[in-house]
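Note that ligands are numbered from 1 as they come in the structure, with each ligand's atoms numbered from 1 the same way.
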Amino acid sequence: MVTASAPGKVYCFGEHAVVYGEPAVPCAIERRATVTVERRDDDRLRVESEDLRISGFTVEYDGAGGKAPDVDAPTRLLEAATGYVDAAIEQARDAADAPDVGFDVHVESAIPLGAGLGSSAAVVVATIAAASRALDCELDEREIAERAYRSEHAVQDGEASRADTFCSTMGGAVRVAGDDCRRLGTPDLPFVVGYDGGAGDTGELVAGVRALRDEYDFAADTVAAIGDVVRRGETLIEDANAVASEETVSELGRLMNFNHGLLEALGVSSRSLDEMVWAAREAGAAGAKLTGAGGGGCVVALDASDATETALELTPACEDVFRAELASEGVRYE
Ligand code: PMV
């Protein structure tokens, strides 16, 4: 039996634009997905999920390429259980050259699904790490990140960037532009996350931005402007000390506000995300923006005081609020 865990993330800057080669800066946060795998005597997969926010379920089915399992669970959950885990197990089998090994897989996650906190990336990264070790094949972090990217890419019909999977594997703050991925310094930033209890459809939202960008030059300019905001932000993060100064936090917040406005213009925000962003700003946060694909899910704000947390608790659109510590460690064995 092998157990591995990997963190979720918030986007400081750059979601959506990263799909077109602009840089993005996601930061890993201390909310982890933990995956335990055990080899079976046959070639089947049994996936059991115990998400803190959804009722658990179990499915057993033939390995990759098999028929979809016949169980009564919402599609999104099934996709999370079968699609991502399947693709990750496939990568571990490929790495170990063991195509016919079956596994019992147990997933426990504190990261809400589809809410912009990188739940699927964390599950994929932890599954690849655990399953490859169970097959006596040790992968280094770069290889886990590469194989996790291929898994997401396959499940998301080629619309995934490397941002989520690289960040979850490496931990800390990272910079991703196309294939060029690296860690930045890890200043302790005062992240506050607000969650509306909902989720966006990443594929649909990415396709929507692509259509806008194809139709209007100014939408393409908006994507490029997000790239400019990210380049400013990454320099600030790189130059920051272990504990970011008030001045740095304030400038990062301004850039996050700008980034949110540009995402709003691309049509990927929502009323509840905007409400939470404004509640945070009015409470005195240095800045706030949606994180991830948008459409619903989470916002991230910067505020070292309790004011934003209190304001979000009182915001009807906000279902849950928590302070998110930066996870300096990425994937690890438990
Ligand atoms: O909502 P998430 O955590 O799946 O993030 C999606 C980020 C996008 O830039 C919209 C897509 C991607 O793969 O980078």
Dump the pairs for me: ligand 1 N or O, protein N or O, distance under 3.5 Å, to 0.1 Å.
unit_1, atom_1, unit_2, atom_2, d
ligand 1, 1 (O), Ala293, N, 2.8
ligand 1, 3 (O), Lys9, NZ, 2.8
ligand 1, 3 (O), Asp164, OD2, 3.2
ligand 1, 9 (O), His16, N, 2.9
ligand 1, 13 (O), Ser161, N, 2.8
ligand 1, 14 (O), Ser161, OG, 2.5

Hey, can you tell me if Tyr216 and Phe218 have their rings parallel, tilted or perpendicular (30° and 60° cut-offs)? parallel
Ring-face cation of Arg232 near Phe258 (centre distance under 6.0 Å, axis angle within 45°): no
Only one of His260, Glu264, Glu15 passes side-chain hydrogen bond (donor to acceptor under 3.5 Å, both in side chains) with Lys289, and that residue is Glu15
Counterpart residues, side-chain hydrogen bond (donor to acceptor under 3.5 Å, both in side chains), relative to Arg210 (two or more places apart): Glu159
Ala279 backbone acceptor or donor facing Thr315 side chain under 3.5 Å: no
Option from Glu38, Arg46, Glu48 for which side-chain hydrogen bond (donor to acceptor under 3.5 Å, both in side chains) with His106 holds: Glu48
